[in-house]
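Notes for the one structure printed next.
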Amino acid sequence: MLSFFYTMEGMEKDMSRHDILIIGGGPSGLSTALHLAKIAPHLAPRILILEKEHYPRLKLCAGGLVTDAEIILQRLGLDTGEVPHVDAREIRFDFAGKGLTVRMPKSHSIRVIRRDEFDHWLAQKVQDRGMEIRQGVSVKRIIPEADGVTVETDQGNFHATLVVGADGSNGITRRCIFPHDSVYTARVLEVLTPIPTSLKSNETKRSREGIAFFDFFPVPNNIAGYVWDFPTQVKGTPMRCWGVYDTNLLADQKRPALKEPLAEEMQRHGFDLNDHEIKGHPIRWFSPENKMSVPRVLLVGDAVGADAIFGEGISMALGYGAVAAKEIAESFQRGEFSFRGYKRRVMRSGLGQTLFARWVITQVIYTFKWRWFQTLLWRILKPIVLLVAWIFVLNWGKRL
Ligand SMILES: Cc1cc2nc3c(=O)[nH]c(=O)nc-3n(C[C@H](O)[C@H](O)[C@H](O)COP(=O)(O)OP(=O)(O)OC[C@H]3O[C@@H](n4cnc5c(N)ncnc54)[C@H](O)[C@@H]3O)c2cc1C
């Protein structure tokens with residue numbers, strides 16, 4: 001009798017079967033589920049999302065949502081206006097304090113959300129549409145087999161027809177299916193500060209209100225990236241979010257510590273970096289070499305790669321979800337799960353086109369690191385830069 005119960009318990013632990021297991025409940029995993037529910041509603045009850053944290057969970061991110069993210073969500077019937085946010089009316093791309101300004105006609109240029117709130121909101125939309133998210137389940141290993149995939153977790157094993165790896169830049173899915181793949185990651189640091197109260201900082205407050213700043217001044221010092229300063233809010237209190245992004249493209253050259261340019265920029269505006277908590281997290285960026293799938297397992301979001309220029313990945317994650325959902329829906333129609341055509345599908349989509357263009361631009365703007373080139377690019381060639389950005393960087397969401 002006792003051994004019968006042990007066997008039953010063991011079976012229960014080991015026999016959780018699902019058609020579609022999504023590993024990770026960030027924007028890429030949630031977008032995959034929402035797009036599947038839209039284009040193949042019969043598959044929605046057959047989806048299970050495993051998320052290792054509990055919502056609302058922290059995710060280090062500046063939370064800048066570009067228009068393409070809003071377009072993708074609008075097409076799913078979702079309005080980001082429901083999430084607490086701050087809208088920046090313009091974006092400045094500077095080199096050492098001077099450069100070009102981007103404004104969207106009749107709209108904000110960038111919407112800034114906090115990821116604990118945004119991801120929680122998106123997860124609720126997924127649940128409202130009848131899909132299950134199991135929170136607090138950490139995936140430990142993915143084993144693709146001929147007839148399915150075994151997913152080992154801290155709460156027992158799951159078996160699936162197919163798995164979507166949506167577990168971010170350090171995700172276990174990619175590490176299991178491509179253990180020896182080369183990885184291109186950026187180093188990123190982030191700091192939140194209150195809105196200034198001192199006299200010097202008050203000038204900062206007035207001149208920077210409602211504007212999101214990117215400054216590429218660290219590039220000649222071999223930090224292949226930029227320093228940012230966004231308006232944001234935390235639990236309704238207006239704040240600024242600062243950070244520094246380095247693609248690591250100039251990692252073979254002598255570089256200052258990553259926090260130095262951030263401290264320099266903050267000091268220019270009356271802040272001492274040492275007074276604030278610094279947090280860091282890598283971002284895996286897209287390179288055309290990056291692999292995207294093996295039979296029965298495909299990757300989305302940062303697990304494949306975010307935009308290389310800025311490390312912008314929320315809109316990309318939402319876009320990967322749309323492309324992956326199409327691939328999965330067609331695989332079920334065919335009854336064949338090799339995902340042989342998935343990378344081609346991504347690369348031909350608006351998402352793949354912008355990711356590729358941004359990868360090419362990254363190789364130019366960060367490896368031509370000289371001061372004169374950066375000045376030329378951000379201050380003199382403004383119309384050309386804006387045109388290239390309009391054609392190759394923005395507006396891809398409509399072409400998905
Ligand atoms: C400092 C910083 C600032 C950024 N700023 C911006 C910005 O302003 N705008 C922008 O567009 N992008 C920004 N990004 C990038 C953006 O955060 C990512 O591109 C985006 O979060 C990718 O979404 P994702 O769903 O692929 O992965 P994630 O958002 O990382 O989600 C992965 C999910 O998987 C879960 N998970 C991980 N491992 C497991 C496991 N083993 N088992 C179960 N669940 C697991 C995690 O808990 C998480 O919920 C920033 C990134 C950083 C680090």
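Counting starts at 1 for both ligands and their atoms, following the listed order. When a residue number appears, it is its place in the shown sequence, counting from 1. Since we're looking at a predicted model, the values are computed, not measured.
- Distances from atom 51 (C) of ligand 1 to the heavy atoms of Asp307, Ile283, Asp119 put Ile283 nearest.
- Of the charged side-chain nitrogens involved, at least one lies within less than 4.0 Å of a carboxylate oxygen, so that Arg208 and Glu265 count as a salt-bridged pair.
- At a 4.0 Å heavy-atom cut-off, ligand 1 touches Val137 through the backbone alone.
- At least one N or O atom of Gly313, backbone or side chain, sits closer than 3.5 Å to an N or O atom of ligand 1.
- The atoms of ligand 1 that sit less than 4.0 Å from any heavy atom of Leu50 are 43 (C), 44 (N).
- In this structure, Ser138 has a heavy atom closer than 4.0 Å to ligand 1.
- Protein heavy atom at the shortest distance from atom 39 (C) of ligand 1 is Lys52 CD, 3.7 Å.
- For the pair Arg296 and Glu145, the salt-bridge criterion is not met [side-chain N within less than 4.0 Å of a carboxylate O].
- Remark: Lys279 does not engage Glu190 in a salt bridge, criterion side-chain N to carboxylate O under 4.0 Å.
- Given atom 15 (C) of ligand 1, the protein heavy atom at minimum distance is Gly311 O, 3.4 Å.
- Nearest to atom 27 (O) of ligand 1 by heavy-atom distance, out of Gly168, Pro282, Gly280, Ala186, is Gly168.
- Between Arg57 and ligand 1, at least one pair of N/O atoms sits closer than 3.5 Å.
- If you look at Lys279 next to ligand 1, there are no close heavy atoms at all, none under 4.0 Å.
- Using the six-membered ring where Trp is involved, Trp370 and Trp372 have ring planes that are parallel, under 30° apart on the 30 and 60° scheme.
- Across every non-hydrogen atom of Asp116 and Pro56, the tightest pair is O-CB, 3.7 Å.
- Within the 3.5 Å criterion, the main-chain N or O of Arg187 finds no donor-acceptor partner in the side chain of Asp246.
- At the shortest separation from atom 16 (C) of ligand 1 among protein heavy atoms lies Arg115 NH1, 3.8 Å.
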Please tabulate, for side-chain N and O atoms in residues 391-398, each donor-acceptor pair with protein atoms closer than 3.5 Å (sequence neighbours left out).
unit_1, atom_1, unit_2, atom_2, d
Asn395, ND2, Trp390, O, 3.2
Trp396, NE1, Asp68, OD2, 3.3

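- The atoms of ligand 1 that sit less than 4.0 Å from any heavy atom of Gly63 are 7 (C), 8 (O).
- Between atom 26 (O) of ligand 1 and the options Leu299, Ile22, Asp302, Val151, the minimum heavy-atom separation is to Asp302.
- Ligand-side atoms of ligand 1 in range of Gly301: 26 (O), range being under 4.0 angstrom from any heavy atom.
- Remark: Glu132 does not engage Arg46 in a salt bridge, criterion side-chain N to carboxylate O under 4.0 Å.
- Protein heavy atom closest to atom 7 (C) of ligand 1, with residue, atom name and distance, is Gly64 N, 3.5 Å.
- By the criterion of a heavy-atom distance under 4.0 Å, both the backbone and the side chain of Asp167 are placed next to ligand 1.
- Checked by distance only, ligand 1 and Ser28 come closer than 3.5 Å through their nitrogen or oxygen atoms.
- Only side-chain heavy atoms of Phe230 come within less than 4.0 Å of ligand 1; its backbone N, CA, C and O stay farther off.
- Using bins of under 30°, 30° to 60° and over 60° for the plane-to-plane angle, the ring pair Tyr226/Phe310 lands in the perpendicular bin.
- In this structure, the ring of Phe216 has its center less than 6.0 angstrom from the ring center of Trp378.
- Close approach of ligand 1 to His281 is summarised as follows: ligand atoms under 4.0 Å from at least one heavy atom of the residue are 53 (C).
- The protein heavy-atom contact nearest to atom 52 (C) of ligand 1 is Leu60 O, 3.5 Å.
- Around NZ of Lys59, the count of heavy atoms belonging to other residues, nucleotides or ligands within 6.0 Å exceeds 12.
- Counting heavy atoms closer than 4.0 Å to ligand 1, residue Ala62 contributes atoms from both its backbone and its side chain.
- Scanning the protein for heavy atoms near atom 32 (C) of ligand 1, the closest one is Ala166 O, 3.4 Å.
- Ligand 1 places these atoms under 4.0 Å from at least one heavy atom of Gly26: 25 (O), 31 (O), 33 (C), 49 (O).
- The shortest N/O to N/O separation between Pro27 and ligand 1 falls below 3.5 Å.
- Listed by number with element, the atoms of ligand 1 under 4.0 Å from a non-hydrogen atom of Glu190 are 1 (C), 2 (C), 3 (C).
- When heavy-atom distances to ligand 1 are checked against a 4.0 Å cut-off, Glu312 comes that close through both its backbone and its side chain.
- Of the possible donor and acceptor atoms, none in the side chain of Thr185 sits under 3.5 Å from a partner among the backbone N and O of Pro282.
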Under 3.5 Å, sequence neighbours excluded: what are the donor-acceptor pairs made by side chains of residues 160-171?
unit_1, atom_1, unit_2, atom_2, d
Thr161, OG1, Asp19, OD1, 3.0
Asp167, OD1, Thr173, OG1, 3.2
Asp167, OD2, Ile172, N, 3.0
Asp167, OD2, Thr173, N, 3.0
Asp167, OD2, Thr173, OG1, 2.7
Ser169, OG, Arg284, N, 2.9
Ser169, OG, Asp302, OD2, 3.1

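- Under the 6.0 Å cut-off for aromatic ring centres, Phe93 and Phe213 do not qualify, their centroids lying 6.0 Å or more apart.
- Of all the atoms in ligand 1, the ones that sit under 4.0 Å from a non-hydrogen atom of Glu53 are 47 (O).
- Contact atoms of ligand 1 toward Val188: 1 (C), 2 (C) (distance under 4.0 Å to a heavy atom of the residue).
- Shortest contact from atom 47 (O) of ligand 1 to any protein heavy atom: Glu51 OE2, 2.6 Å.
- In terms of polar-atom proximity, defined here as any N/O pair under 3.5 Å, Ile314 does make such a contact with ligand 1.
- Contact annotation: for Lys59 versus ligand 1, heavy atoms closer than 4.0 Å belong to the side chain alone.
- The one candidate from Phe230, Trp228, Tyr245 that meets the ring pair (Phe, Tyr, Trp, His ring centres under 6.0 Å) condition with Phe214 is Phe230.
- Nearest protein heavy-atom contact of atom 6 (C) of ligand 1 is Cys61 SG, 3.4 Å.
- For Arg371 and Phe95, the positive end is not near the middle of the six-membered ring at less than 6.0 Å and at most 45° from its axis.
- Side-chain contact annotation: Ser349 with Arg399, donor-acceptor N/O pair under 3.5 Å absent.
- When all heavy atoms of Leu30 and Gly25 are compared, the pair lying nearest together is CD1-O, 3.3 Å.
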